[in-house]
Amino acid sequence: MRIITHTCPACGTVVAANELEKNRVMKCPGLGCQEVLRFEHLPEDAREHFLENRDRYQI
Amino acid sequence: MKGVLLSGGTGSRLRPITHTGPKQLVPVANKPVLEYAIEDLKEAGITEIGVILGNKGRDEIQELLGDGSEYGVDITYIVQGNPLGLAHAAGCAKDFVGDDDFVMYLGDNILKSGVIELVKSFEAGDYGAGIALQEVDDPQAFGIADVDNEGNVTELIEKPDEPPTNLALIGMYVFSPAVFDAINDLEPSWRGELEITDAIQDLLEDDYEIDSHVVTGWWKDTGKPEDILEANRLVLEDTKLNTAGVVEDGAETDGRIGLADSSVIEDGAVVRGPVSIAENTTIKSGTYVGPYTSIGANSTLEDIHIENSVVIGDSEITANGRIVDSLLGRNANVESADDLLPEGRRLVVGENSQLKL
Ligand SMILES: [Zn+2]
């Protein structure tokens, strides 16, 4: 299973795509980091892959 | 070599203690379980550590560990979110790990021997992965490895009916970056998770050699209250304890006692080690603190007899009674009902608590 992550450009915290997709727009979970992370920040092919296989990234 | 430290999970078997925080922060001998893992990695020369966070306790874990500088390590946080399995957690660390090898350590595990030998054994050959094993009495209940004469793993079997060995996998692994290709090829198991054992099995099938290292000292998964008590006992048995605080004349002490410098054992109290007592705690007259007990910070004990127990901290325990084999969460208070009418116990007990009266 392809595992997709995004790295916060401000603090370096890595966030899994399932977390980004769940929230769509979220404050970075890095403590004290104010960066806003968006599912749209992922490359297009990663987003498409994730959405096509969305069920497998849930529990 | 990098480190990947898993700190997710719901901690459901440790409720109610984990209603308010992650299981990896439950203290053993007055130190959060997770700190033992950081120290083990550091001791093995691993200072770049990725800490995997689940859905629970993200802020608390970051507050404790910070950027790692207090521990002499450099921490990157990796938010896995949903618990999609150990292999998913490892996969989330791919960008962090890059082309390095890495140790994967389950943050609620604690083991006597650390990871130095596991890493050494892995680095002595050209392996795709290395796994830590321990001999168990009931191999049917574990994931079991079969190994050849050189200690190379030949097969992994989950809870076998006819186990080929009694060597169980414990939560400690070393991986080469080849594991990421294996993870990429994995499908979720019947329970909807990406299983790390499946990834190792794939490496085997791709002709990678898998090293094994048999851990001889104790190892404990601290998932349940009785495990916390046992880990506390094992650590107190092994750890150097330093009496920095005040032991008043007339206090009776023997055995090894860890006493923080701001804490006091008062005249008329009895403390028998091994015992650990954290900061700003007072053991008052009439109290007995018996072996294998850890008392957290900012607590007062009076009249109570307590042994083989963990008091996490911020507690007032002032009843005249015996507490044994117990785990008391932060801010839990135990007072006397002797002068209250009608006679009887008075309890305010949280969800999922367990009491034996
Ligand atoms: Zn950030």
Side-chain angles (χ1 to χ4, degrees), chain A, chain B residues 4 7-10 48-68 74-98 179-189 191-195 198-199 202:
Chain A
M1 190 166 110
R2 181 173 165 190
I3 296 169
I4 301 160
T5 58
H6 177 63
T7 301
C8 170
C11 74
T13 295
V14 179
V15 182
N18 43 285
E19 186 72 13
L20 284 175
E21 199 270 341
K22 188 169 73 187
N23 298 294
R24 286 284 162 163
V25 180
M26 64 188 284
K27 193 176 95 48
C28 173
L31 202 64
C33 181
Q34 300 302 321
E35 192 76 9
V36 173
L37 306 179
R38 297 168 194 273
F39 185 64
E40 282 68 35
H41 288 157
L42 292 171
E44 194 177 344
D45 72 304
R47 270 181 284 152
E48 272 172 17
H49 178 88
F50 185 91
L51 293 172
E52 277 163 23
N53 298 280
R54 198 172 172 281
D55 291 353
R56 303 164 74 203
Y57 294 95
Q58 316 299 320
I59 245 217
Chain B
V4 171
S7 311
T10 58
E48 286 178 80
I49 300 173
V51 174
I52 310 269
L53 304 172
N55 284 325
K56 195 181 172 107
R58 291 177 186 175
D59 288 359
E60 290 93 333
I61 289 169
Q62 293 184 67
E63 269 161 26
L64 175 76
L65 300 179
D67 62 2
D74 186 4
I75 290 175
T76 299
Y77 291 100
I78 300 165
V79 179
Q80 178 192 17
N82 288 343
L84 298 173
L86 295 186
H88 180 264
C92 289
K94 185 177 181 221
D95 288 347
F96 163 74
V97 167
V179 75
F180 295 118
D181 290 333
I183 292 169
N184 204 45
D185 293 341
L186 286 185
E187 293 297 321
S189 66
R191 58 173 177 171
E193 295 188 14
L194 293 188
E195 308 287 349
D198 289 346
D202 278 11

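What you are looking at is a predicted structure, and each value in this text was computed from that prediction instead of being measured. Residue numbers begin at 1 in each chain, while the letters A, B, ... track the order of the sequences.
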Quick one: does B:Gln62's side chain have a donor or acceptor within less than 3.5 Å of a partner on A:Gly32's backbone? no
Check this for me, if you would: do A:Arg47 and A:Glu44 make a salt bridge, where the nitrogen-to-carboxylate-oxygen distance has to be below 4.0 angstrom? no
Side chains of A:Glu19 and B:Gln80 in contact at under 4.5 Å (non-hydrogen atoms): no
Against chain A, label B:Asp67 side chain, backbone, both or neither, depending on which of its atoms sit under 4.5 Å from a heavy atom there. neither
Most contacts with chain A, counted as non-hydrogen pairs under 4.5 angstrom, among B:Ile75, B:Leu186, B:Asp185: B:Leu186
So for B:Ala93, is it side chain, backbone, both, or neither that comes closer than 4.5 Å to the heavy atoms of chain A? neither
Chain A contact via B:Asp95 - which portion, at a heavy-atom distance below 4.5 Å: side chain
If we only count heavy atoms from C-beta on, is the B:Phe180 to B:Val97 side-chain gap below 4.5 Å? yes
Could you check whether any side-chain heavy atom of A:His41 comes within less than 4.5 Å of a side-chain heavy atom of A:Leu20, counting everything from C-beta outward? no
With a 4.5 angstrom heavy-atom cut-off, which part of B:Ile78 approaches chain A: side chain, backbone, both or neither? both
